[in-house]
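Take a look at the structure set out below.
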Amino acid sequence: FYPDVIDSNKFLQFSPDADDVWLYWMHHINGSKCKVVGENFPLITWPSSQEEALFYKNLHQDENDVKIKKMIDMYGFFSSSLDLEI
């Protein structure tokens, strides 16, 4: 990971509530590759536990786009298709 991965202030400034975006950026700008490790798996949730899930905020309210823009502004843009191994 890129050294900023443990900088909680930067994480909270650029990607709060989106650790997947933060960690993806931190591995990519460090030069590592990611690898698909399996098929999708069924999502098992506790009844009534997803009424206020981050899923709704990050995907349905476009909050991931806001966080990704902040990451691009801070660390630059990259093409994820170039570093994915299947």
Side-chain angles (χ1 to χ4, degrees):
F1 285 107
Y2 190 71
D4 286 359
V5 72
I6 59 172
D7 188 328
S8 60
N9 291 324
K10 285 184 180 177
F11 169 71
L12 293 172
Q13 180 181 359
F14 297 111
S15 196
D17 300 329
D19 59 327
D20 55 335
V21 172
W22 178 254
L23 292 171
Y24 190 76
W25 237 268
M26 293 295 104
H27 97 79
H28 178 79
I29 61 177
N30 195 51
S32 62
K33 294 184 178 188
C34 62
K35 184 173 183 174
V36 176
V37 294
E39 299 292 322
N40 290 337
F41 54 90
L43 181 61
I44 301 170
T45 61
W46 198 265
S48 302
S49 68
Q50 299 299 302
E51 292 172 5
E52 294 188 32
L54 286 175
F55 173 83
Y56 298 113
K57 181 173 143 181
N58 286 344
L59 295 180
H60 294 299
Q61 296 175 7
D62 299 325
E63 286 293 319
N64 266 3
D65 292 344
V66 171
K67 291 163 179 102
I68 289 169
K69 179 166 183 347
K70 287 181 180 182
M71 296 299 287
I72 290 170
D73 291 346
M74 178 65 184
Y75 295 105
F77 179 78
F78 59 88
S79 174
S80 61
S81 64
L82 299 177
D83 73 335
L84 182 64
E85 294 181 11
I86 299 177

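Since this is a predicted model, take the numbers as computed values, not measurements.
Note: Ser15 OG to Asp20 CG = 7.0 Å, rounded to the nearest 0.5 Å. With rounding to the nearest 0.5 angstrom, the CZ atom of Phe1 is 14.5 Å from the CH2 atom of Trp25. The line from CD1 of Ile68 to CG of Asp73 is 12.0 Å long, rounded to the nearest 0.5 Å.
Of all heavy-atom pairs between Lys67 and Pro16, the closest is CE-O, 2.5 Å. Summarising the geometry of Asp4 relative to Trp22, their closest heavy-atom pair is O-CZ2, 3.1 Å, with the distance given to 0.1 Å.
The shortest side-chain heavy-atom distance between Gln13 and Met74 does not fall under the 4.5 Å cut-off. For the pair Val21 and Met71, the minimum side-chain heavy-atom distance is below 4.5 Å. When side chains are defined from C-beta on, Tyr2 counts as touching Tyr75, because their heavy atoms get closer than 4.5 Å.
Between Lys69 and Asp65, no side-chain nitrogen of the basic residue sits less than 4.0 Å from a carboxylate oxygen of the acidic one, so the salt-bridge criterion is not met.
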Discussion item. Please determine whether side chain to side chain contact (heavy atoms under 4.5 Å, CB included) holds for the pair Ile6 and Phe11, giving the CA-CA distance in whole Å, both sets of side-chain angles, and the decisive distance to 0.1 Å.
Written reply: CA-CA 8 Å; Ile6 59 172; Phe11 169 71; over 6 Å; no
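Residues Val66 and Leu23 are members of separate hydrophobic clusters, defined by side-chain heavy-atom contacts under 4.5 angstrom among Ile, Leu, Val, Met, Phe, Trp and Tyr.
Note: Tyr24 and His28 have parallel aromatic rings, judged against thresholds of 30 and 60 degrees for the angle between ring planes.
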